[in-house]
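Counting convention: from 1, in listed order, for ligands and their atoms alike.
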Amino acid sequence: MSRVYFDNAATTPIAKEVIDAMVKVMELDFGNPSSVHAPGRKARTIIEESRKSVAKALNCSPGEIFFTSCGTEADNMGIRKSVDCCGIKNIITSAIEHHAVLHTVEELEKSGRIKMHLVNLLENGHVDLNHLEELLQQNSNVLISLMHANNEIGNMLDLEKVSELAEKYKALFHCDTVQTIGHYDFDLSKLNIHFLAGSAHKFNGPKGIGFIYINHKTKITPYITGGSQERNMRAGTENIYGIAGLSKALEMATQNLENEIKHIQEIKTYMIDQLKEKMNGVDFNGDTEGNSLCTVLNVSFPPSSINEMILFKLDIAGISASGGSACTSGSNAGSHVMKAIKANPERAAVRFSFGKYNTKAEVDFVVIKLIEMFQVKKSVEA
Ligand code: PLP
């Protein structure tokens with residue numbers, strides 16, 4: 001078997017159809033979308049059609065979608081602009097957010113512009129919604145910044161509930177949906193979300209392109225100043241190929257959402273069952289069999305001298321997995337998420353993350369290799 005790629009939460013392979021759509025734009029539509037002549041107008045049309053398509057997938061208005069360079073930029077834009085323009089003085093977030101959020105909020109606190117409040121986590125890693133409500137009762141001018149699905153353990157937030165709490169306490173709500181866009185059926189018309197972030201490379205689109213949804217009632221000033229691109233909010237000549245690729249990838253994901261979720265969930269469940277059946281002492285981090293994203297499975301291996309080397313050994317065996325978020329991959333040592341959920345440091349945590357191109361046969365291969373790795377070590381130790 002050639003390489004098994006179980007690191008789809010870090011990034012996904014680009015779909016062939018997306019590459020074709022991008023190449024077509026590269027070859028034919030080189031115009032600057034700000035030019036008034038025909039090639040420029042054609043390029044502009046591609047961007048606006050893409051914006052409409054993204055808005056349709058999320059059930060919001062095209063005017064609420066702004067293209068960015070990635071998910072990190074979208075998170076930064078939402079959080080920073082809420083402070084600049086919406087009078088936010090308190091940000092409630094959690095210790096398991098992606099660094100795109102955590103480092104941004106920490107920096108805002110260091111500069112004295114906001115106070116940061118960390119909401120408690122329950123034992124299974126979910127946000128304690130009672131504590132969230134207490135924090136909302138105690139503070140005013142609040143932005144809630146909580147992720148929809150955690151990229152390391154897969155735990156999912158109750159979006160409806162948090163959106164209701166935000167409404168009840170007149171707080172703004174920023175949601176890092178980078179792991180769920182393209183893997184979850186969003187209806188933004190029914191949710192009280194003010195800022196939401198997406199990134200194409202997490203749903204079989206290209207890298208270097210993302211978007212932010214900003215609810216039409218939320219008024220902000222430009223994030224990047226310069227030309228009038230993105231309706232004055234983010235200056236700079238648009239990444240037209242990336243935008244065309246993002247919208248094609250989201251269109252494909254949305255059209256096949258039900259089947260893809262079913263397929264990916266089957267792979268995750270199969271891997272859980274196989275590991276439970278065939279390996280002693282294996283456990284899982286997070287609410288794996290509860291409210292958890294189908295793409296992410298965080299396996300906790302029993303203490304062993306190979307634990308330090310497990311990602312390396314998997315790589316040598318032709319298996320791509322990760323020890324945490326991509327920024328810390330190669331080692332689980334630095335994972336702030338593992339620390340925050342108080343995972344046992346004696347046990348190695350490996351994130352296997354699945355995508356639409358994965359198969360059960362690949363799970364069989366990975367489980368066999370894992371058994372071999374642990375057994376080889378057992379006999380050496382004996
Ligand atoms: N937020 C989450 C939850 C992520 O998983 C990631 C990527 O790993 C990001 C934000 C950053 O997205 P990007 O890589 O597009 O900057």
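Atoms of ligand 1 lying under 4.0 Å from at least one heavy atom of Thr72, given by number and element, are 11 (C), 12 (O), 13 (P), 16 (O). Which parts of ligand 1 touch His201 is read off a 4.0 Å heavy-atom cut-off, strictly below it: atoms 13 (P), 14 (O), 15 (O). For ligand 1, the atoms sitting less than 4.0 Å from at least one non-hydrogen atom of Ser199 are 13 (P), 15 (O), numbered in the order shown with element in parentheses.
Within the cation-pi definition used here (under 6.0 Å to the ring centroid, within 45° of the axis), Lys268 does not qualify as a partner of Phe354. For the pair Arg231 and Phe66, the cation-pi criterion (under 6.0 Å, within 45° of the ring axis) is fulfilled.
Of all the listed residues (His98, Glu73, Gln179, His99), His98 holds the heavy atom that lies closest to atom 9 (C) of ligand 1.
In terms of polar-atom proximity, Met147 is not counted as a contact of ligand 1, lacking any N or O under 3.5 Å from an N or O of the ligand.
Counting non-hydrogen atoms of neighbouring residues, nucleotides and ligands closer than 6.0 angstrom, the CD atom of Gln137 exceeds 12 such neighbours.
Counting heavy atoms under 4.0 Å from ligand 1, residue Val101 does not touch it at all.
Screening Arg41, Arg44, Lys42 for a salt bridge (charged side-chain N to carboxylate O under 4.0 Å, His left out) involving Asp29 leaves a single residue, Lys42.
With respect to Arg234 and Glu73, a salt bridge is recorded, a charged nitrogen being found less than 4.0 Å from a carboxylate O.
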